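The chains referred to below are lettered A, B, ... by the order of the sequence lines, with proteins before strands, and numbering in each begins at 1. As the structure is a prediction and not an experimental result, all values here were calculated from the model.
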There are 2 protein chains.
Amino acid sequence: MDAAQRHDDVIRIGALEIRAADGLVLAGGRALTLSVREFGLLVALARSGGGIVRREDLYERVWGGELRTGDRSIDVYIHKLRVKLEEALTDWRFIHTHVGFGYRFAPEPSHPFHNAATNR
Amino acid sequence: MDAAQRHDDVIRIGALEIRAADGLVLAGGRALTLSVREFGLLVALARSGGGIVRREDLYERVWGGELRTGDRSIDVYIHKLRVKLEEALTDWRFIHTHVGFGYRFAPEPSHPFHNAATNR
DNA sequence: CAGGTCTTTCACGACCTGTTCACGGCCGGG
DNA sequence: CCCGGCCGTGAACAGGTCGTGAAAGACCTG
């Protein structure tokens, strides 16, 4: 049950509670202050059931229209979201980058209990 | 609605779950971080039903085009995949080399027992 | 208008990737 | 033995992708 659980328009993931209808996000009970883009991005990610969402799809769902080559809006807002989430729920990481694929939303402890940092 | 949950695109082999559509691979529940080539190679292997895949075929399916003589890309990425799989699922070997023929994908315990006790 | 907030764009740098080399082990044939 | 083909593996390299801080626009509100 750490996976996304859709209940009408209330999404619960980890210590996050997203009320899509109200435009409200609770992190561990406290309300987050998000901008429109930040909120849209969060909802789009949270609704993807832990799968990887391609940047093109994210852009289309949140911004509408097609993602132009060179547009870095997504990166910037992913960053902003990460900062706010991290600020609210320390030692949890929600947004994971999959280079060349897109982003994945899932709660994972930020401390690597079994370090696997061997990239390459 | 979010088209994300498609069972026809999910391959399950041993403790591996490959969501070909999402570009996502779960090893024992945890998400694996693969590059595009690594993922393509894994999918190509996993879709071969445990049979041996010739290097020429692998190259054509993953890289596209013909395998040039002297090209060692496949070897390198087979290695990278092995490392990541092994790191995620110790004591299981998935990629088996058949010298002169190609590679075969199947979960086998890394410590070969000759007992009949081995189920599958 | 003036000030504040939200978005987009820019610039720089760190990290990631795919490819190619280089070296060495394994193995069967001469 | 020695050789040559085949494969494992570490490393170098060039280019691409992504993270991030800050500037430049847009927008909204009184």
How long is the line joining [atom1] of [X] and [atom2] of [N], in whole Å?
{"X": "L41(B)", "N": "dT19(C)", "atom1": "CG", "atom2": "C1'", "value": "15 Å"}
{"X": "I74(B)", "N": "dG18(C)", "atom1": "CD1", "atom2": "P", "value": "14 Å"}
{"X": "K80(A)", "N": "dT7(C)", "atom1": "NZ", "atom2": "C1'", "value": "7 Å"}
{"X": "R82(B)", "N": "dG8(D)", "atom1": "CZ", "atom2": "C1'", "value": "8 Å"}
{"X": "I78(A)", "N": "dT20(D)", "atom1": "CD1", "atom2": "P", "value": "11 Å"}
{"X": "Y77(A)", "N": "dC18(D)", "atom1": "OH", "atom2": "P", "value": "19 Å"}
{"X": "F101(A)", "N": "dC18(D)", "atom1": "CZ", "atom2": "C1'", "value": "15 Å"}
{"X": "K84(A)", "N": "dG19(D)", "atom1": "NZ", "atom2": "P", "value": "18 Å"}

Practice item. Could you check which of dC18(D), dT19(C), dC7(D) has an atom nearest any side-chain atom of D75(B)? Key: dC7(D)
Check your understanding: Given dT7(C), dC7(D), dT8(C), which nucleotide is nearest the side-chain atoms of V36(A)?
Key -> dT7(C)
Under 4.0 Å between any heavy atoms, over every strand shown, what does [X] touch: base, sugar-phosphate, or nothing? Just pick one.
{"X": "V76(B)", "result": "base"}
{"X": "R72(B)", "result": "base"}
{"X": "G70(B)", "result": "nothing"}
{"X": "Y103(A)", "result": "sugar-phosphate"}

Does the side chain of [X] get closer than 4.0 angstrom to OP1 or OP2 of [N] through an N or O atom?
{"X": "S35(A)", "N": "dT5(C)", "value": "no"}
{"X": "H79(A)", "N": "dG21(D)", "value": "yes"}
{"X": "R37(A)", "N": "dT5(C)", "value": "no"}
{"X": "R68(B)", "N": "dT19(C)", "value": "no"}
{"X": "W63(B)", "N": "dT19(C)", "value": "yes"}

Check your understanding: Quick one: do E86(B) and R93(B) make a salt bridge, cutoff under 4.0 Å?
Key -> no
Check your understanding: Is any NZ, NE, NH1 or NH2 atom of the basic residue among R55(A) and D75(A) found under 4.0 Å from an Asp or Glu carboxylate oxygen of the other?
Key -> yes
Practice item. Answer yes if the side chains of R82(B) and T97(B) hold a donor-acceptor pair under 3.5 Å, and no otherwise. Key: yes
**Study point:** pair F39(B)-V62(B): side-chain heavy atoms closer than 4.5 Å
**Key:** no
Point to revise | Within-4.5 Å side-chain heavy-atom neighbours: I11(A) and R19(A) | key: no
